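Read the structure below first, then the notes.
Predicted model only: the values in this text are computed from it and were never measured. The sequence lines fix the lettering, A, B, ..., with proteins before strands; numbering per chain opens at 1.
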2 protein chains.
Amino acid sequence: MNDVHLLLGVQLVKAYTGSMGIAERKERQRAELREQILRVARDIVVKEGFPALSMRKLADAVEYAPATLYLHFENREAIAKELCVRGFQELLAMLEPAAQVEDPLERLPKLAEAYVRFGMEHPETYRLIFMEDAKLSTALFGDHPEGPGPRSFGVLVQVFVDLLSAGRLEEGTKPEQLAEVLWAGVHGIVSLRLTCTGFPGTPADELTQVLVTTLVKGLPGLKAGRAQKKVR
Amino acid sequence: MNDVHLLLGVQLVKAYTGSMGIAERKERQRAELREQILRVARDIVVKEGFPALSMRKLADAVEYAPATLYLHFENREAIAKELCVRGFQELLAMLEPAAQVEDPLERLPKLAEAYVRFGMEHPETYRLIFMEDAKLSTALFGDHPEGPGPRSFGVLVQVFVDLLSAGRLEEGTKPEQLAEVLWAGVHGIVSLRLTCTGFPGTPADELTQVLVTTLVKGLPGLKAGRAQKKVR
DNA sequence: CGTCGTTCATGAACGGTGTTCACAAACCAC
DNA sequence: GTGGTTTGTGAACACCGTTCATGAACGACG
């Protein structure tokens with residue numbers, strides 16, 4: 001490789017790579033600007049929320065004219081979509097450690113806790129991914145089946161697949177359905193906390209525990225007794 | 001021109017109520033216009049979603065100048081807030097029949113089903129209430145403690161209060177926590193269906209059933225056995 | 001070295017948004 | 001009819017996302 005990332009070095013390379021070196025540099029600079037735009041955009045979203053991300057403000061922040069942004073992204077939504085993908089990758093990364101716990105029944109609460117924690121620690125990112133625009137989240141699952149979306153969901157499914165294949169769940173149980181229920185549960189917790197901020201409510205982590213233990217063991221000490229005379 | 005806006009019976013009333021009748025009429029007309037604005041706004045939201053509700057479009061639809069809207073509402077958000085309250089009242093109304101089932105264990109699935117059905121049948125209204133802006137949903141719970149928000153939540157709490165007071169739940173169980181978990185579950189189901197439209201997913205009503213039975217009875221046929229040798 | 005063609009960046013504009021405000025018209029009381 | 005209050009409005013302001021012709025920089029080539 002070339003020693004220095006200077007213009008000089010590039011032209012030396014060009015001496016024997018032909019015009020390829022200079023094209024490389026231009027490509028690298030292009031990618032770098034694209035990356036910078038995304039970095040700044042992320043900052044704005046995290047700090048002020050997605051609705052506050054305007055093309056003009058973003059252009060100002062990266063010190064380019066607004067029109068320049070359109071040389072690197074088709075439109076504002078394209079930027080949002082990219083931020084979504086990256087946010088979802090962060091979420092997946094947060095799930096990963098929990099996903100490696102061996103016993104599925106230990107793994108389950110850890111996954112749930114990690115999921116909720118991500119939502120509470122990155123509220124604006126979470127909002128962007130799941131609550132801002134249907135087109136964004138839809139793209140995460142519909143576009144390519146091996147993106148972070150389906151992969152994260154797969155992690156949840158795996159819990160129940162493992163339980164099932166170890167003979168610890170009733171046969172015929174559908175792991176995907178249980179995973180969906182779990183997902184709905186944790187998403188519900190995060191999502192309600194993020195929108196209905198005025199609600200009294202149990203702290204999110206405590207609520208997550210209740211959710212998981214209830215899903216696993218059912219209502220605590222439930223007596224199935226038939227309806228006696230009305231008590232209300 | 002003005003005979004369009006004129007209401008016939010009013011002048012008769014004025015004949016013996018003196019100047020009070022005319023003030024009444026004006027007040028009524030004022031309220032009527034306010035109501036019409038809200039009606040039209042609701043139509044737009046239901047048909048095209050809340051982001052498509054612009055003051056200019058709304059003004060056009062009610063055949064007034066945009067500035068006129070500000071004589072009846074402080075701003076766009078005030079309109080949204082009012083639509084939220086009314087939407088939530090609809091939701092509460094949908095819960096009401098289910099809420100009157102006597103046996104709490106029968107009531108629970110019916111409530112869940114009604115909640116989810118509302119979300120699926122009025123997606124844009126549901127979005128507006130719970131997913132559009134934190135300030136909106138927050139206001140529903142924080143502003144006045146006897147609005148449809150807290151009341152709806154109360155209906156969910158009642159299920160577990162009834163179970164508890166009938167001695168069918170372990171003592172020390174907190175009904176509010178269970179209600180929150182249930183709420184998070186159904187909200188999660190609706191909310192995921194509304195945003196991640198591309199997701200394969202079980203139909204919402206079926207998923208609701210799985211959620212409820214799992215919350216009540218726990219994982220189907222779960223064997224608590226300790227982790228055997230890894231199967232993965 | 002100069003010229004040419006491509007790439008990159010931009011200012012200005014278009015049509016949209018929420019909101020405000022000075023002004024005018026309608027209306028009722030006197 | 002006159003005055004005062006209510007009701008309605010057009011025009012403006014400051015934003016927004018997006019487009020497009022114009023211009024500048026730059027590498028390739030003669």
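Spacing between atom CD of Glu27(B) and atom C1' of dC27(C) amounts to 16 Å, rounded to whole angstrom units. Regarding Tyr70(B), its OH atom lies at a distance of 22 Å from the P atom of dT6(D), rounded to whole Å. Atom NZ of Lys57(A) is separated from atom P of dC15(D) by 11 Å (rounded to the nearest Å). Between Leu33(A) atom CG and dT7(C) atom P the separation is 17 Å, expressed in whole Å. The OH-P distance, from Tyr64(A) to dT18(D), rounds to 20 Å in whole Å. Rounded to whole Å, the distance from CE on Met55(A) to P on dA14(D) is 23 Å. Separating the CZ atom of Phe50(A) from the P atom of dC16(D) is a distance of 13 Å, rounded to the nearest angstrom. Put simply, CG on Asp60(B) is 11 Å from P on dG10(D), counting in whole angstrom units.
The side chain of Thr68(A) sits closest to dA9(C) out of dA9(C), dG8(D), dT19(C). Closest to the side chain of Ser54(B), out of dT18(D), dG18(C), dT10(C), is dG18(C). Looking at the side chain of Ala67(A), the nearest of the listed nucleotides dG17(D), dT10(C), dG18(C) is dT10(C). Here dG17(D) is the nucleotide among dA9(C), dG17(D), dG18(C) with the atom lying nearest to any side-chain atom of Arg76(A).
Between His187(A) and Tyr126(A), the ring centre distance stays below 6.0 Å. Checked against a 6.0 Å centroid threshold, the rings of Trp183(B) and Phe141(B) count as neighbours. Separation of the Phe88(B) and Phe130(B) ring centroids falls under the 6.0 Å cut-off.
Atom CG in Leu111(B) sits 10.5 Å away from atom CD in Gln158(B) (nearest 0.5 Å).
Within the 4.0 angstrom heavy-atom criterion, base atoms lie near Arg56(A). Note on Leu53(B): only backbone sugar-phosphate atoms sit closer than 4.0 angstrom, heavy atoms only; bases stay farther off.
For dT7(D), the OP1/OP2 oxygens have a side-chain nitrogen or oxygen of Arg30(B) closer than 4.0 Å.
Comparing Leu71(A) and Asn75(B) along DNA chain C, the residue whose closest nucleotide (by nearest heavy atom) sits nearer the 5' end is Leu71(A).
No more than 12 heavy atoms of other residues, nucleotides or ligands shown are found within 6.0 angstrom of CD on Gln209(A).
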